[in-house]
Amino acid sequence: MKYIGALILIFTFNTLLASAKLAGLEAYRNYHAVADTDTVKPIRKSSASVGVTYGSDALFFGRTGPIKYPFVSTDIVINSKPGFFAYGSALKVLGYKPLVDEIDVGGGYYYRLSKKYTGTISYTRFIFNKEANIIKSASSNDINWKNSFDFKSFRASITADYLFGKSYDVFTTLSVSKYIESKFSIFNDQDYLSVTPSVSMILGTQNFVQRYAVDHERTLEYTNIYLPDENARMARANSRFNALNYSFKLPLAYNTPHYTLEASWRYSMPVNVEGLLRNHRESFFNFTFYYVFY
């Protein structure tokens, strides 16, 4: 019942937002972050895009590491008209030794069953430097299946993820967003501003937290949060399917036909925190630039 109540609050929040015309953004931006997994969302058009992002801390399915890990990442996405796509990204944690902490490669398929119902299914392989400290490094592979429903006044999506390799986890992410586009231009008749407030809830297991603790025992001891005598109990708790995180995101973007500048703020509220990481409520800031080639 508590999950149903949370969903009611999510949908009520978005239906109370001011009504606005849904247009433009998807015609230019062909990927975005979903559930903190950098899932690709392509458009049904042959194109390629490159982007660079700065983030104030690395967040992965509602969980963060023992300290903040600000990062810079680069991305490239290639889309084909039939709906197949491939992508790659590289991530560097600022202030730490590895030149590149993470490289991701993957691909998938975008489908549209109707004007209101679209989806993607994709596979991503995570490759990490052995000295990488971000919590995502406890995972190796991700199968992602996302379905989106356009209700005109808001958009709802449900995403399923299966992570396997060093740890095994399943996640369900429920999200509702509202796209609002400015009716005025900034510098010429082809640019505009957009804002896409969204709320989301992540449910799932968190075995990757336990795997991270095992791989980074010295780091956790240094931060004085390592409790080895409670390992067995925490491992059992991490395997339960529970609500993991509630979040609100507010991205503001400047858009042109080929490139976008975006600043976003996310407020994250972790719940049912188990294991060896003291996660707490936190604000995240991301700044992104990407360019699309048609």
Side-chain angles (χ1 to χ4, degrees), residues 1-17 22 25-26 29-44 59-63 77 83-85 87 104 106-124 136 139 141-164 168-180 196-208 239-251 264 266-272 284:
M1 289 298 295
K2 63 182 179 180
Y3 299 154
I4 295 175
L7 284 175
I8 292 173
L9 288 174
I10 288 174
F11 277 86
T12 301
F13 173 84
N14 281 273
T15 53
L16 290 175
L17 289 173
L22 185 64
L25 185 63
E26 281 194 321
R29 185 172 190 179
N30 61 351
Y31 72 103
H32 70 279
V34 176
D36 313 306
T37 62
D38 295 330
T39 302
V40 173
K41 176 192 172 188
I43 57 175
R44 194 136 196 169
L59 179 69
F60 186 62
F61 284 104
R63 296 293 183 259
V77 186
F84 295 98
F85 56 90
Y87 52 90
D104 298 345
Y109 180 72
Y110 167 78
Y111 56 88
R112 179 184 293 274
L113 299 183
S114 69
K115 289 184 178 180
K116 294 184 177 181
Y117 175 30
T118 60
T120 59
I121 183 166
S122 63
Y123 164 77
T124 305
K136 188 178 176 182
S139 300
N141 306 273
D142 179 28
I143 296 176
N144 174 279
W145 183 30
K146 179 183 178 182
N147 293 276
S148 298
F149 308 87
D150 185 0
F151 295 102
K152 290 187 177 180
S153 58
F154 63 90
R155 168 170 289 191
S157 67
I158 178 169
T159 306
D161 285 272
Y162 173 54
L163 270 67
F164 61 97
Y168 295 82
D169 285 290
V170 292
F171 304 95
T172 298
T173 304
L174 306 170
S175 179
V176 182
S177 62
K178 175 71 177 181
Y179 174 70
I180 303 171
T196 315
S198 67
V199 288
S200 64
M201 176 173 67
I202 304 174
L203 303 95
T205 60
Q206 47 185 327
N207 294 309
F208 68 96
S239 64
R240 297 175 188 149
F241 190 89
N242 264 325
L244 300 181
N245 185 272
Y246 303 95
S247 67
F248 171 74
K249 188 176 181 181
L250 187 64
S264 70
R266 179 196 294 268
Y267 186 65
S268 171
M269 295 171 285
V271 294
N272 295 314
F284 297 82

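In this chain, residues are counted from 1 in sequence order.
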Going by heavy atoms in the side chains, are Phe149 and Lys116 under 4.5 Å from each other?
no
In the structure I gave you, are the side-chain heavy atoms of Arg240 and Asn272 within less than 4.5 Å of one another anywhere?
no
Please name all residues satisfying side chain to side chain donor-acceptor pair (under 3.5 Å) with Ser268, sequence neighbours left out, ordered by chain then number.
Asn245
Give the C-alpha distance, both sets of side-chain angles, the deciding distance and a yes or no for side chain to side chain contact (heavy atoms under 4.5 Å, CB included) between Tyr87 and Ser122.
CA-CA 10 Å; Tyr87 52 90; Ser122 63; 3.8 Å; yes
Between CG on residue Leu250 and CZ on residue Arg266, distance to nearest 0.5 Å:
11.5 Å
Determine the minimum heavy-atom distance between Val271 and Arg63, stating which atoms define it.
O-NH2, 2.9 Å
Starting at CG of Leu163, measure out to CZ of Phe171 and round the result to the nearest 0.5 Å.
5.5 Å
Nearest 0.5 angstrom please: Ile202 CD1 to Leu244 CG, how far?
7.0 Å
When you measure from the side chain of Arg112 to the backbone of Gly83, do you find a donor-acceptor pair of N or O atoms at a distance under 3.5 Å?
no
Closest contact, heavy atoms only, Ser175 versus Ser198
OG-CB, 4.5 Å
Please name all residues satisfying side chain to side chain donor-acceptor pair (under 3.5 Å) with Tyr123, sequence neighbours left out, ordered by chain then number.
Asn141
Taken in chain and number order and not counting sequence neighbours, the residues that satisfy side chain to side chain donor-acceptor pair (under 3.5 Å) with Tyr267 are none
Do Phe61 and Ser139 come within less than 4.5 Å of each other through their side chains, counting heavy atoms only?
no
Could I get the full list of side-chain contact (heavy atoms from CB on, under 4.5 Å) partners for Ser264, not counting sequence neighbours?
Lys249, Pro251, Glu262, Asn286
Could you work out, with side chain to side chain donor-acceptor pair (under 3.5 Å) as the rule, every residue matching Thr205, not counting sequence neighbours?
Asp169
For Tyr168, ring pair (Phe, Tyr, Trp, His ring centres under 6.0 Å) partners two or more places apart
none
Which class fits the ring pair Tyr111 and Tyr117: parallel under 30°, tilted 30 to 60°, perpendicular over 60°?
perpendicular
Output the distance between atom CG (Asn242) and atom CD (Gln206), rounded to the nearest 0.5 Å.
7.5 Å
Regarding Thr118 and Ser148, do their side chains bring together a donor and an acceptor under 3.5 Å, going by distance alone?
no
